[in-house]
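Data first, discussion second: the structure below is written as structure tokens.
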Amino acid sequence: MPQRFKTIIEPFRIHSVEPLKLTTEEERQEKIRAAGYNLFNLRAEDVLIDFLTDSGTGAMSRDQWAAIQHGDESYAGSPSWFRFLAAVQELFPFTHVIPTHQGRAAERILFSTIAGPGKVIPNNTHFDTTRANIEATGAEAVDLVIGEGRTPGLIHPFKGNMDLKALDSLLAARAKDVPVVMVTITNNSGGGQPVSLENLRRVRALCDRYRVPLFLDACRFAENAWFIKTREPGYADKSVPDIVHEIAALADGMTMSAKKDPMANIGGWLAMNDDALAERCRNLLILTEGFPTYGGLAGRDLEAIAQGLKECVEPDYLRYRIRSTEYLADAIDRAGVPIVKPAGGHAVYIDAGAMLPHIPPLAYPAQALSIALYEAGGIRTVEIGSVMFGRHPDGSEAPAAMELVRMAIPRRTYTQSHIDYVIEVVREVATRTPSLPGYKIVSEPPQLRHFTARFAPL
Ligand code: F0G
């Protein structure tokens, strides 16, 4: 139905508020210095607009909080488990659903069961925890996103698509070493970009040809489904749940973080059709997560996820969600700031490599920009570049494919005036990029260094 008014409003009003603490630029310069110039080390209360992640940071609805009151904490067979199971299977009808405390627990269980030395696992782009869990088993994680997906300024409707030729050659050479093909929807590390159903169908066909199972990393499945509805020919009149069913029917299983599209603060699951694999995974689950009807979650968490799954596929919500991300992207694009185009579902990614060409990749331009945005406006973003991906398992260091700053937008949390403020800060910082310094790492752990490394300006 055509809309009479062009403003797409938040399809909710505010029911409970959290205060934000205002700080001065001088205070923030001191806080970030004390944090070793790592935004993960800041105290959250010293952040004004927290775009570090959209994971677990969304605002729950009245109905989710009400559902929490129905949480039944029975160790085994809780009614909350059955509500969770029904809500998951309504969208993703896999035979086995294994609840976990968050997405990476599902990844750890899956990959410690099927990966290991000599194995290789392709994905459009592995998220950092997925890659780390694969590499921790001694296996190799390979990113095979289409070429367009590696070119930030290039517009393509499905930049998260898998490079089918590259997948075909990998499978032709090494299918016996590939325990699973993964597809991440939307492709977080590649800019929150969607994967088309057509591409997924072709990935499925390759998996069938080489007899390899296909798993989804489906954290942002609802946003991906909305992009399919609005961009892929033939889907405009299909409901979001129907599109999700079509996606699910192409896969043999999934890993999931309920902290993203399902709008819960914690939770996840691993699902699959293979009975024998499910049994091995459940045994591991019991070892470290919990009994198979709660898997490290409280009954109340299972309730919040079940309700969130119903809300996240509503068209009014998704229209607002995708448009509000695009609103931020459009405004900073108009100001001449280079971004990944088109806007992602959950985040806007600034191309710091293009914006700060005077800083070489291994002086971390995206880290430099993140620090500047915090100092100037109290905005916390995350570096997705050579800090996150530059250190390899053999200890060597090499530039990442892109130097991005991600502004991940928590769901239903910030208003349009918060976003207008962010736009103003980004525009101001953009006027003085040549004066921003690069950084060096002064201490770092062996894995996932971006979380705890400490930096110093050059
Ligand atoms: N897969 C993808 C695509 C993700 O984006 C994440 C988390 C995970 C798996 C792991 O899930 O955090 O519940 O263990 N992404 C967050 C982010 C942390 O900020 O993008 P988790």
Side-chain angles (χ1 to χ4, degrees), residues 39-40 44 47 50-58 98-112 121-136 141 143 145 149 159-160 162 180 182-195 215-224 247 251 253-271 285 288-289 295-297 301 304-305 308 325 340 344-349 366 370 380-385 387-389 404-411 413 447-448 450-452:
L39 292 104
F40 284 100
V47 173
D50 207 344
F51 283 172
L52 186 66
T53 178
D54 64 319
S55 179
T57 53
I98 299 173
T100 60
H101 78 274
Q102 60 183 87
R104 67 198 69 183
E107 293 165 359
R108 192 191 61 81
I109 290 170
L110 177 66
F111 297 124
S112 44
I121 294 157
N123 199 331
N124 44 0
T125 311
H126 290 281
F127 181 65
D128 57 353
T129 60
T130 322
R131 171 173 286 279
N133 271 298
I134 290 169
E135 289 174 351
D143 294 337
V145 74
K159 271 179 119 168
M162 185 80 94
V180 70
M182 299 283 302
V183 176
T184 303
I185 55 171
T186 56
N187 189 28
N188 182 8
S189 305
Q193 301 292 328
V195 177
F215 270 53
L216 303 167
D217 175 344
C219 300
R220 299 177 181 86
F221 71 95
E223 293 172 4
N224 200 104
I247 295 172
M254 68 190 291
T255 57
M256 182 70 190
S257 168
K259 303 174 71 172
K260 282 80 175 180
D261 275 355
M263 294 192 273
N265 299 129
I266 198 72
W269 66 86
L270 171 63
L285 180 87
T288 57
E289 290 275 304
L297 293 167
D301 302 325
I305 297 167
T325 305
V340 175
H346 67 298
V348 176
Y349 295 69
S370 292
R380 177 156 68 170
T381 56
V382 70
E383 192 261 14
I384 301 196
V387 177
M388 191 180 272
F389 292 120
L404 303 177
V405 167
R406 183 184 74 171
M407 298 193 281
I409 306 173
R411 293 170 180 77
T413 304
Q447 276 151 9
L448 293 174
H450 52 289
F451 290 125
T452 53

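Numbering of ligands and ligand atoms starts at 1, following listing order. Numbers for residues simply follow the sequence, beginning at 1.
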For the residue pair Gln193 and Val145, establish whether any side-chain heavy-atom pair is separated by less than 4.5 Å. no
Residues forming a side-chain contact (heavy atoms from CB on, under 4.5 Å) with Asp128, sequence neighbours excluded: Met388, Phe389, Leu448, His450, Phe451
If you look only at pairs with a residue in residues 254-265, which of them pass as a salt bridge (charged side-chain N to carboxylate O under 4.0 Å, His left out), with sequence neighbours excluded? Asp261-Arg411
Will you find, in the side chains of Arg108 and Thr288, an N or O donor that is under 3.5 Å from an N or O acceptor? yes
Check for me whether His346 has a heavy atom closer than 4.0 Å to any atom of ligand 1. no
For ligand 1, which atoms have a heavy atom of Thr53 less than 4.0 angstrom away? 16 (C), 17 (C), 19 (O)
Check this for me - ligand 1, Gly267, N or O atoms closer than 3.5 angstrom, yes or no? no
Below 4.0 Å from ligand 1: does a non-hydrogen atom of Gly268 turn up there or not? no
Give me the residue, atom name and distance of the protein heavy atom closest to atom 14 (O) of ligand 1. Arg104 NE, 2.6 Å
Any atoms of ligand 1 less than 4.0 Å from a non-hydrogen atom of Lys259? List them with their elements. 13 (O)
Can you list the ligand 1 atoms lying under 4.0 Å from a non-hydrogen atom of Arg220? 3 (C), 4 (C), 5 (O), 17 (C), 20 (O)
Between atom CG of Asn224 and atom NE2 of His346, what is the distance when rounded to the nearest 0.5 Å? 11.5 Å
Nearest heavy atom to atom 20 (O) of ligand 1: which of Met182, His101, Lys260, Arg406 does it belong to? Arg406
With respect to Thr129, determine whether any N or O atom, backbone or side chain, lies less than 3.5 Å from an N or O atom of ligand 1. no
So which heavy atom in the protein is nearest atom 1 (N) of ligand 1, and how far is it from that ligand atom? Asp217 OD2, 2.7 Å
Within a distance under 4.0 Å of any heavy atom of Gly103, pick out the atoms of ligand 1 and give their elements. 11 (O), 13 (O), 14 (O), 21 (P)
Applying the side-chain hydrogen bond (donor to acceptor under 3.5 Å, both in side chains) criterion to Asn187, which one of Asn123, Asp143, Thr125 satisfies it? Thr125
Using a strict cut-off of 4.0 Å, indicate which atoms of ligand 1 neighbour a heavy atom of Thr184. 3 (C)
